[in-house]
Protein chains: 2
Amino acid sequence: MTRDSLIRALEAAESHCTERGEKLTPVRRRVLELVLEADAPVKAYDLLEALKPGPGAAKPPTVYRALDFLMAAGLVHKVEALNAFVGCSHAHDDGGAELFICSDCGSVEERHGAPDPVNMPDGFVIERSVVEHFGHCANCRH
Amino acid sequence: MTRDSLIRALEAAESHCTERGEKLTPVRRRVLELVLEADAPVKAYDLLEALKPGPGAAKPPTVYRALDFLMAAGLVHKVEALNAFVGCSHAHDDGGAELFICSDCGSVEERHGAPDPVNMPDGFVIERSVVEHFGHCANCRH
DNA sequence: TTGCGAGTGGTGATATTATAACATCCTTGA
DNA sequence: TCAAGGATGTTATAATATCACCACTCGCAA
Ligand SMILES: [Zn+2]
Ligand SMILES: [Zn+2]
Ligand SMILES: [Zn+2]
Ligand SMILES: [Zn+2]
């Protein structure tokens, strides 16, 4: 992610929060920035490390609170199978995204609007879906 | 799961392992039994507790090794979003299953053969997919 | 102005989930 | 008999996540 697009993403996040009547506070903004800067899913404790140099050394709850907020706002997604987090440039409030994660380079592509499963159990109503595909991206195929 | 079907599942698991040239040892068998008995995804440390009464009190590695083995054999799946495990009655060696998990009662239904995603990034090759749907089963709809 | 209350973040402790590293035991077959 | 591999036991620790409590700030109403 280039410097410019990072700045644009942060501005978009700012107004996205405002629209929701919420505040993108400095801590939250900094965490989002770190997640967006990373070129692969990033771990909570790596964020913690990255925040250390700042004035108050951050503790775990600080990071997890920020991540919870950002996830609720649709600005960050959790990769469940990795216990790691990725930035989202779409800012969609609906929970679900379909993630394609390259096991070689760590790059993550996000897609939306997957159709409902074909073979759903009778009467089941989906509330939230976790869909994570692991494999090799076009750049990493040998 | 009834007593009878539990026994049948264990027998099937036994022969499934034999076919693969592997052994369903007592620890592994016991862990599989516990997972199959549960009517909801079960946590590793709950298994650990359940194994305690036995002769040698089990330690974490024991449980995780058994789970690793059972997952490799396709007898157990991990629910990534819950850090929990469910038994599989299909014994499919290919990694992927599509899970429908009721947030009310914890019941899990498994389906297979979901079609490839429609909107895949260009050139991406999927190796393993995690698909977990959370919602409400037919019994729990209000 | 004063005081309340919601929201936010700091802090120390702790809970939960998972693995590393090494020792022991047991089978199997040369 | 002995070696090799695999399965398990054991101790410790790493990695991930939450709890409980306090302090600060801001907006707002009495
Ligand atoms: Zn997204
Ligand atoms: Zn790649
Ligand atoms: Zn299965
Ligand atoms: Zn249900």
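Treat the numbers as computed from the prediction; the structure is a model and nothing was measured. Throughout, a chain's letter reflects where its sequence line sits, starting with A, and its residues are numbered from 1.
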Nucleotides 20-30 of chain C: which of its N/O atoms have a protein N/O under 3.5 Å away?
from    : atom 1 : to       : atom 2 : distance (Å)
dA21(C) : N6     : Arg65(B) : NH2    : 3.4

In whole angstrom, give the distance that lies between atom [atom1] of [X] and atom [atom2] of [N].
| X | N | atom1 | atom2 | value |
| --- | --- | --- | --- | --- |
| Leu67(B) | dT17(C) | CG | P | 13 Å |
| Phe69(A) | dG9(C) | CZ | P | 9 Å |
| Leu24(A) | dG7(C) | CG | P | 17 Å |
| Glu49(B) | dT17(C) | CD | C1' | 14 Å |
| Asp68(B) | dA18(C) | CG | P | 10 Å |
| Glu22(A) | dG9(C) | CD | P | 12 Å |
| Arg28(B) | dA7(D) | CZ | C1' | 7 Å |

field: Comparing Lys59(B) and Pro26(B) on DNA chain D - which has the more 5′ nearest nucleotide
entry: Pro26(B)
Could you tell me whether the phosphate oxygens of [N], OP1 or OP2, come under 4.0 Å of any side-chain nitrogen or oxygen in [X]?
| X | N | value |
| --- | --- | --- |
| Lys78(A) | dA17(D) | yes |
| Tyr64(A) | dA17(D) | yes |
| Lys43(A) | dT16(D) | yes |
| Asn83(A) | dA17(D) | yes |

- prompt: Other hydrophobic cluster members with Val118(B), side-chain heavy atoms of Ile/Leu/Val/Met/Phe/Trp/Tyr under 4.5 Å, chained?
  reply: none
- request: Look at the side chain of Tyr45(B) against the base of dA15(C) and say whether a donor-acceptor pair falls under 3.5 Å; ignore hydrogens and angles.
  value: no
task: State which of dG9(D), dT11(C), dA18(C) makes the closest approach to the side chain of Thr62(B).
output: dG9(D)
task: Would you indicate which nucleotide in dA18(C), dA17(D), dG10(C) comes nearest to any side-chain atom of Phe85(B)?
output: dA18(C)
- line: Residue pairs meeting salt bridge (charged side-chain N to carboxylate O under 4.0 Å, His left out), one or both in residues 96-115 of chain B, sequence neighbours left out, come to Glu109(B)-Arg111(B)
- prompt: What pairs of residues pass the salt bridge (charged side-chain N to carboxylate O under 4.0 Å, His left out) test when at least one of them lies in residues 118-127 of chain B, not counting sequence neighbours?
  reply: none
- line: Quick note, side chain to side chain donor-acceptor pair (under 3.5 Å) partners involving residues 23-45 of chain A, not counting sequence neighbours, are Glu14(A)-Arg29(A)
- request: Under the side chain to side chain contact (heavy atoms under 4.5 Å, CB included) rule, collect the residues that match up with Asp4(A), sequence neighbours excluded.
  value: Thr2(A), Arg8(A)
query: Does Cys17(B) have any side chain to side chain contact (heavy atoms under 4.5 Å, CB included) partners at least two apart in sequence or in another chain, and if so, which?
result: Leu24(B), Phe69(B), Leu75(B)
- prompt: Once you build an axis from the first five pairs and another from the last five of the helix from dT1(C)-dA30(D) to dA30(C)-dT1(D), how far apart in angle are they, to 10 degrees?
  reply: 10°
query: In terms of hydrophobic clustering (I, L, V, M, F, W, Y; side-chain heavy atoms under 4.5 Å; direct or indirect links), are Leu32(A) and Leu48(A) co-clustered?
result: yes
Those residues that, when tested against Asn119(A), pass side-chain hydrogen bond (donor to acceptor under 3.5 Å, both in side chains) (two or more places apart): none
